[in-house]
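Structure first, commentary second.
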Amino acid sequence: MTNFRLPGPTPLPPAVLAAMQRPMINHRGPVMKELYRSILARLRDAHRTSGDVLVWPGSGSAGWECAIVNLLSPGDRVLSLVVGDFGERCTRVAQAFGLDVRRLDRPWGSAVTADEVGDALDREGPVKAVFVTHNETSTGVTNPLREIAAVVRAHGALSIVDAVSSVGAMPLEVDDWGLDFVLSGSQKAWMCPPGLMIAAVGPRAWDAYAASTFPRFFWDLGNAKKFAEQGMTPATPALTLLFALDAALELISTEGLEAVWARHAALAARTRAGVRRLGMTVFGDERFASSTVTTVRTPDGVATKELLRVMKDEHDIELQGGQGQIADTTFRIGHMGWVSEADIDDVLAGLAATLAGVRTAAVVR
Ligand SMILES: *Cc1c(COP(=O)(O)O)cnc(C)c1O
């Protein structure tokens with residue numbers, strides 16, 4: 001089987017694959033109600049919240065739009081923290097909705113610090129919300145979300161958190177850290193196929209919802225909550241994906257959320273150490289290195305595309321290229337969700353062989 005090491009979509013555990021064999025159920029019947037209630041209870045645990053978590057069909061990106069149309073109003077001033085390609089994308093969504101978007105850019109590979117966010121908020125005047133990418137999947141850097149959220153809160157702004165490649169794999173505490181809106185997609189640390197958007201909604205977000213004037217229908221939080229209280233969704237849910245999510249959450253709760261976090265941190269450290277042993281450089285600020293994805297600088301004289309091709313064709317290991325401005329100069333090793341030490345060691349052995357081969361070929365040529 002291919003060692004599938006993309007930073008999303010991620011491999012599906014056998015129990016998740018098996019769950020998707022299940023026949024359809026009545027989406028207004030008792031089995032659905034029990035299923036959805038159980039999923040939401042487990043999602044609350046995984047987000048460390050006693051507040052609301054809701055699920056829609058959609059990819060992770062839909063979460064930005066959902067946050068905007070429910071919590072904000074046209075022309076609202078927002079601050080977008082940009083340290084990589086996903087920060088860029090979410091900025092474009094905010095612009096598309098006619099928000100007054102201010103940016104705080106830091107060089108790719110850096111994290112943004114809480115002090116920098118505080119300075120930007122002082123400078124930009126009253127800001128309604130701050131968009132923060134918890135784990136920047138392009139650069140392999142995790143922003144210090146807890147500290148950032150505290151500063152955002154102290155400035156009276158909402159935190160809208162892209163946790164697509166973090167929640168379920170690394171510490172994230174909605175209630176304790178006072179996060180207002182946390183969005184993710186099923187195909188990353190949740191170990192499910194792509195196709196579900198998951199959002200945790202805190203109490204201040206509900207206040208903002210009441211004041212928001214954007215038109216909305218499919219993404220209406222209040223409607224989704226009303227149905228969720230009955231164990232249902234407003235429209236037909238993606239039932240097969242809910243079966244998968246239920247099985248995946250069962251795996252997470254069996255392993256234990258904190259054990260899952262610790263496994264990711266240990267595998268990420270193993271990956272970085274192995275990459276360095278091979279003489280390569282990990283991209284980004286080491287102090288903020290991600291637990292779910294490692295971005296590696298492609299060695300001088302090696303073409304990223306060729307390295308990825310050899311890994312795939314000769315070693316059956318699928319890695320991902322870089323993104324945005326570092327597309328050609330980096331590649332990425334995903335280690336989120338269903339991943340073990342053996343998977344990482346296999347990647348490192350494959351990279352050792354590939355580099356030896358690519359370098360020999362370069363010398364021969
Ligand atoms: C993958 C990813 C997204 C986009 O998710 P889609 O499901 O492709 O829409 C957004 N943000 C981050 C940080 C991601 O890793």
Side-chain angles (χ1 to χ4, degrees), residues 4-12 47 54-69 80-96 106 108-112 130-145 148-149 159-172 179 181-200 218-219 238 241 244-245 248 264 268 283-284 288-295 318-327 330-337 339:
F4 194 71
R5 299 265 66 87
L6 305 191
T10 65
L12 303 178
H47 286 80
L54 298 161
V55 180
W56 289 260
S59 86
S61 309
W64 291 315
E65 182 159 339
C66 180
I68 291 167
V69 300
S80 185
L81 313 182
V82 184
V83 296
D85 202 48
F86 286 104
E88 288 288 351
R89 290 193 200 184
C90 113
T91 306
R92 285 203 295 276
V93 181
Q95 284 163 342
R106 299 282 298 119
W108 287 31
S110 332
V112 60
V130 176
F131 288 87
V132 48
T133 311
H134 184 198
N135 184 71
E136 182 45 82
T137 319
S138 60
T139 60
V141 164
T142 305
N143 284 311
L145 178 59
I148 290 172
S159 53
I160 297 175
V161 182
D162 171 353
V164 178
S165 62
S166 63
V167 64
M170 56 177 84
L172 180 148
L179 309 177
F181 190 99
V182 176
L183 63 103
S184 62
S186 48
Q187 81 277 23
K188 307 251 169 133
W190 298 122
M191 305 182 284
C192 286
L196 295 176
M197 191 278 279
I198 298 155
F218 188 76
W219 302 116
L241 296 178
L245 182 57
H264 282 86
F283 186 84
F288 298 98
S290 167
S291 286
T292 57
V293 55
T294 297
T295 302
E318 186 128 10
L319 305 180
Q320 187 69 289
Q323 235 178 301
Q325 56 178 251
I326 54 173
T330 62
F331 65 92
R332 292 174 296 159
I333 305 167
H335 33 80
M336 67 183 88
V339 50

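In this text, all values refer to a predicted model and were calculated from it rather than measured experimentally. Counting convention: from 1, in listed order, for ligands and their atoms alike. Along the sequence shown, residues carry numbers from 1.
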Query - Per-ligand residue contacts, ligand 1, heavy-atom threshold under 4.0 Å - result: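 For ligand 1, the residues that come within the 4.0 Å heavy-atom cutoff are Ser59, Gly60, Ser61, Trp64, Phe86, Thr133, Asn135, Thr137, Asp162, Val164, Ser165, Gln187, Lys188.
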
Test your reading of the model: is there a side-chain donor-acceptor pair from [X] to the backbone of [Y], 3.5 Å cut-off?
X      : Y      : value
Glu136 : Gly87  : yes
Arg332 : Gln323 : no
Ser290 : Thr292 : yes

### Message
Is any side-chain heavy atom of Glu65 closer than 4.5 Å to one of Phe218?
### Response
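Phe218 does not reach Glu65 side chain to side chain.
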
Using 0.5 Å steps for rounding, measure from the OG atom of Ser166 to the CG atom of Leu145.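 CG of Leu145 is found 7.5 Å from OG of Ser166.
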
Using residues 182-191 as the side-chain source, report each donor-acceptor pair under 3.5 Å to any protein atom, sequence neighbours left out, with the distance given to one decimal.
{"residue": "Ser184", "atom": "OG", "partner": "Trp190", "partner atom": "NE1", "Å": "3.0"}
{"residue": "Ser186", "atom": "OG", "partner": "Pro193", "partner atom": "O", "Å": "2.7"}
{"residue": "Ser186", "atom": "OG", "partner": "Gly195", "partner atom": "N", "Å": "3.3"}
{"residue": "Ser186", "atom": "OG", "partner": "Leu196", "partner atom": "N", "Å": "2.9"}

